[in-house]
Protein chains: 2
Amino acid sequence: MNQVRVYRQQLGLSQTALAQQINVARQTINLIEHDKYNPSLALCLALAWALGTDLNTLFWQAPPA
Amino acid sequence: MNQVRVYRQQLGLSQTALAQQINVARQTINLIEHDKYNPSLALCLALAWALGTDLNTLFWQAPPA
DNA sequence: CCTTTTTGTCATATATATTTGACAATTTTA
DNA sequence: TAAAATTGTCAAATATATATGACAAAAAGG
């Protein structure tokens with residue numbers, strides 16, 4: 001469960017607005033927020049920059065036991 | 001410039017050993033170390049786990065100005 | 001030195017991330 | 001309560017991450 005939606009909403013951005021800001025399709029944002037797939041590092045960085053945060057905050061998860 | 005090579009060598013692992021540990025091809029490790037492409041988030045996490053570190057430490061970069 | 005291991009790299013194949021367009025469902029706002 | 005905006009989702013097309021096999025160059029170890 002990543003934190004993209006939380007940070008996006010704190011900035012009052014729609015999925016569309018965020019997508020345009022970082023030049024990806026809206027569906028890409030939607031799928032990422034639902035953990036439906038596996039974004040690239042470049043996209044993770046773009047999201048962190050746009051949302052004023054960092055990789056760990058948005059995407060970190062503890063290793064499987 | 002990511003920190004994968006630095007952390008891998010600190011653990012005394014070859015590219016092959018690291019690749020086997022996280023079930024990817026050795027070439028994938030090599031290319032990532034040379035910033036030749038854009039790994040997936042799942043792979044970034046697997047690398048962080050295997051190298052005992054985190055996403056920011058391995059992959060963070062400041063936003064373009 | 002010679003041998004073994006490690007690394008750099010190429011070319012081809014496959015899996016999957018991402019795009020595009022579209023429409024229904026839900027939520028927000030007037 | 002109706003209109004507008006936002007979100008969920010589908011199917012098809014395209015771009016690209018990743019795998020596989022292979023070989024030469026370089027580095028490490030005996």
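Every heavy atom of this structure was used, including side-chain atoms; hydrogens, water molecules and symmetry mates were not. All chains are named by letter (A, B, ...) in the order of the sequence lines, taking the proteins before the strands, and each is independently numbered beginning at 1.
Side-chain contact check for A:W49 versus B:Q61: some heavy-atom pair is nearer than 4.5 Å. At least one side-chain heavy atom of A:Q15 sits less than 4.5 Å from a side-chain heavy atom of A:R5. For the pair A:L55/A:L41, a side-chain contact is recorded, criterion being any heavy-atom separation below 4.5 Å from C-beta on. Using a 4.5 Å heavy-atom threshold, the side chains of B:L18 and B:L51 count as touching.
Using modelled atom types, one side-chain atom of A:R8 and one backbone atom of A:L13 make a donor-acceptor pair closer than 3.5 Å. When atom types are taken as modelled, the side chain of A:D54 and the backbone of B:W60 share no donor-acceptor pair closer than 3.5 angstrom. Of the possible polar contacts, none joining the A:N38 side chain to the B:S40 backbone as a donor-acceptor pair under 3.5 Å is found.
A:I22 places its CD1 atom 14 Å from the C1' atom of C:dT19, with the value rounded to the nearest Å. Atoms CD1 (A:I29) and C1' (D:dT6) sit 14 Å apart, rounded to a whole Å.
Note that the CG atom of A:L58 and the CG atom of A:L45 stand 10.0 Å from one another [nearest 0.5 Å].
Fit an axis to the five pairs at each end of the helix from C:dC1-D:dG30 to C:dA30-D:dT1 and the two axes sit 70° apart, to the nearest 10 degrees.
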Annotated protein contacts, base or backbone, on nucleotides 2-17 of chain C with a non-hydrogen cut-off under 4.0 Å, one of B, S, - each
----SBBBB------S
